[in-house]
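Step one of this worksheet: look at the structure below.
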Amino acid sequence: MTAPLIRLQGICRDYPSGDEVLHVLRDIDLEIAQGEYVAVIGASGSGKSTLMNILGCLDRPSSGSYLLDGREVARLDPGELAALRREFFGFIFQRYHLLSEMTALGNVEVPAIYRGLSAEARRRKARGILDRLGMGERLDHRPGQLSGGQQQRVSIARALVNDARVILADEPTGALDSRSGEEVLAILDELNAEGRTVVIVTHDPKVAARARRVIEIADGRIVADRRGDAAAAPPPLATTAPARAAAPVLGRLAEALRMAVLAMRAHKLRSFLTMLGIIIGIASVVSVVALGEGSRQRVLSNISGLGTNTLQIYPGRDFGDMRSGRVTTLVMADAHALARQSYVASVSPTVSSSQTLRHGATELSAQISGVGEQYFDVAGITLTEGRAFDAGDVAAMSQGVVIDENTRSSLFGEGAPALGQVFMAGKVPLRVIGVAKVRQQGPGGSRNLTVYAPYTTVQARYLGTTSVSGLTLRVQDATDMALAEQSVTELLTRRHGTKDFFTINNDEIRQTITATTQTLTLLISAIAVISLLVGGIGVMNIMLVSVTERIGEIGLRMAVGARRADIRAQFLIEAVLVCIIGGVAGILAALGFGLVFERFSSDFTLVYSVLSMVAALVSSCGIGLVFGYLPAVSAARLDPVAALARD
Ligand code: ADP
Ligand code: MG
């Protein structure tokens with residue numbers, strides 16, 4: 001006689017229960033040979049399911065020895081136990097334990113996925129078995145669309161898909177009407193006739209009568225072991241060598257991805273809410289970076305027309321000095337003195353005055369900008385019509401002026417000729433000799449009306465003073481800007497007796513603007529990172545809830561042979577997927593925000609950087625990994641028996 005397939009010796013299973021210990025199985029000795037058909041009967045609570053779970057390597061005994069096919073089960077590691085559950089045993093449960101979001105075919109395929117069978121091979125196999133069990137017409141039905149008997153047949157097919165040698169059925173007919181029950185039992189008879197070992201738990205003596213051996217359990221002990229006619233021992237089972245897929249790990253990962261998508265689809269609203277934190281975080285990071293870059297580029301392009309070798313001098317101590325309007329010490333004589341310096345190429349004073357313009361019945365208020373003849377060059381202003389005034393005009397305090405396009409259309413009407421027209425500015429008549437392009441300056445700035453007149457004219461006709469509101473200095477090309485700035489400061493301080501002015505060069509402006517936008521971007525990005533962190537914690541929270549909610553699913557997956565790594569990968573991939581989809585949605589939201597923004601603000605655009613988007617995606621992926629890890633690990637640590645019992 002050959003060694004038994006299953007040999008239990010002195011198996012005990014205790015559960016701590018308060019201060020006492022509950023002895024559920026006591027000293028069980030049992031041998032089951034290959035090809036037997038065994039029924040285990042006993043009252044409810046006698047320990048039948050506990051015995052079954054130990055047989056199927058779902059549970060470990062508290063003491064005793066379990067030799068399976070000659071190997072001591074207690075010495076196997078979790079991976080080897082998973083392999084046994086996957087390829088040696090096939091479980092059939094009273095309540096089927098099908099995954100509700102998968103089709104019949106999908107459910108049957110699950111153990112084959114964990115075994116690493118290629119998609120094509122396992123589909124063929126699953127379909128064949130379902131066909132044989134009379135479910136060929138119902139492949140694409142979900143468990144909810146099947147009757148109890150049909151669901152149980154799907155679960156039998158699942159137990160068979162990996163060619164299990166031992167079928168363990170725990171009350172397989174307990175939830176079925178007598179006819180469906182009869183059909184299920186007929187299938188089990190057939191499986192045994194093929195050579196498979198069948199162990200069935202039941203409390204129904206009629207069911208037990210079909211088996212060739214009946215073991216009765218009471219209070220955790222075997223009280224009877226009856227053998228019927230030892231008729232025709234079934235033929236030995238033809239075991240097929242498992243056909244492995246070429247890249248089982250990759251295939252299993254792809255399956256985990258598919259299952260993650262299924263799980264997300266099953267809970268659309270919850271997945272969306274989980275993502276929301278990530279979406280908001282990513283959208284704000286990407287738009288803030290784009291906003292900062294857009295404003296930086298616009299301001300820089302505004303001042304780039306000025307060139308790098310110009311220096312501005314203003315009265316007062318610094319920008320925003322309240323007294324600067326009253327400081328009148330910066331005068332034309334300073335400009336002349338500066339113009340005589342060897343390092344100065346040209347000096348252009350600026351003065352200004354607000355005046356009411358009149359032409360016909362039209363009245364407008366505008367800014368009269370008194371400038372020198374080089375101003376247009378230095379400030380990078382281009383004319384669309386006519387000409388600018390020259391040194392002669394400035395010396396003669398000419399009343400020929402350049403108006404910008406806004407002023408032209410407001411004063412003379414859209415498209416009307418402006419050159420040569422005369423209008424009143426305050427009490428002084430001015431004649432248009434040129435039209436300048438609008439200079440964009442800050443939000444709303446483009447709608448200002450500006451009239452450029454020689455500064456001499458503005459001083460003489462409007463201000464009655466020789467003080468200026470600023471000097472624009474162009475430094476000789478070869479001169480070092482810092483040195484020039486220092487010399488100018490020394491010269492003017494000497495002339496005024498005190499430093500009641502300040503200088504600023506374009507390089508400084510550029511640097512200040514860049515630094516300011518960088519600081520702002522950093523600051524807001526920090527806030528966005530915090531929101532991403534909060535989003536990540538949200539993901540973790542919901543994933544933990546999801547693990548608790550799907551505990552039955554996890555138990556089932558482990559019962560059909562999922563490794564811990566499979567369960568971990570499934571939940572980790574789900575978390576990463578949620579975050580990546582959230583990241584992509586966040587980027588799209590940021591782009592959408594840009595479109596809306598451009599619609600409402602003509603002179604400002606968002607400049608998106610690919611780098612920030614890539615960084616956003618990478619970080620959302622990282623968030624998924626970091627915050628999905630804990631839920632995934634806690635799912636993989638679940639005890640399969642406890643997980644199944646909780647369903
Ligand atoms: P049966 O399947 O024969 O109805 P079980 O094997 O399910 O019985 O349970 C046998 C006994 O073990 C019951 O009294 C049950 O309360 C107890 N039991 C089962 N699982 C646990 C557990 N995880 N913790 C404590 N007691 C348990
Ligand atoms: Mg039970």
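All ligand and atom numbering here is 1-based and tracks the order in the structure. Computed from a predicted structure; not experimentally measured.
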key: Within the protein, residues bringing a heavy atom under 4.0 Å of ligand 1, chain by chain   = Tyr15, Leu22, Val24, Ala43, Ser44, Gly45, Ser46, Gly47, Lys48, Ser49, Thr50
inquiry  = Taking CZ in Phe593 as the centre, count heavy atoms belonging to other residues, nucleotides or ligands within less than 6.0 Å. Is the count above 12?
reply    = yes
message = Please give me the protein atoms (N, O or S only) lying under 2.8 Å from the Mg ion (ligand 2), ordered by chain and number.
response = Ser49 OG
message = Just by distance, no angles: are the side chains of Asp140 and Thr103 close enough, under 3.5 Å, to form a donor-acceptor pair?
response = no
task = For the residue pair Phe91 and Phe89, categorise the inter-ring angle as parallel (less than 30°), tilted (30 to 60°) or perpendicular (more than 60°).
result = tilted
query = Will you find, in the side chains of Asp177 and Ser180, an N or O donor that is under 3.5 Å from an N or O acceptor?
reply = yes
task = Report the residues that fulfil side-chain hydrogen bond (donor to acceptor under 3.5 Å, both in side chains) with Gln150, sequence neighbours left out, ordered by chain and then residue number.
result = Ser147
ask   = Is it true that the side chains of Arg212 and Asn192 contain a donor and an acceptor less than 3.5 Å apart?
value = yes
Distance-only donor-acceptor hits, side chain of residues 270-287, under 3.5 Å, sequence neighbours excluded:
| from | atom 1 | to | atom 2 | distance (Å) |
| --- | --- | --- | --- | --- |
| Arg270 | NH1 | Glu549 | OE1 | 2.9 |
| Arg270 | NH1 | Glu549 | OE2 | 3.4 |
| Ser271 | OG | Met264 | O | 3.4 |
| Ser271 | OG | His267 | O | 2.7 |
| Thr274 | OG1 | Arg270 | O | 2.5 |
| Ser284 | OG | Ile280 | O | 2.9 |
| Ser284 | OG | Gly281 | O | 2.9 |
| Ser287 | OG | Ala283 | O | 2.4 |

ask   = Just by distance, with hydrogens left out, do Arg138 and Gln145 show a side-chain donor and acceptor under 3.5 Å apart?
value = no
ask   = For residues Asn162 and Tyr114, is any side-chain donor paired with an opposing acceptor at under 3.5 Å?
value = no
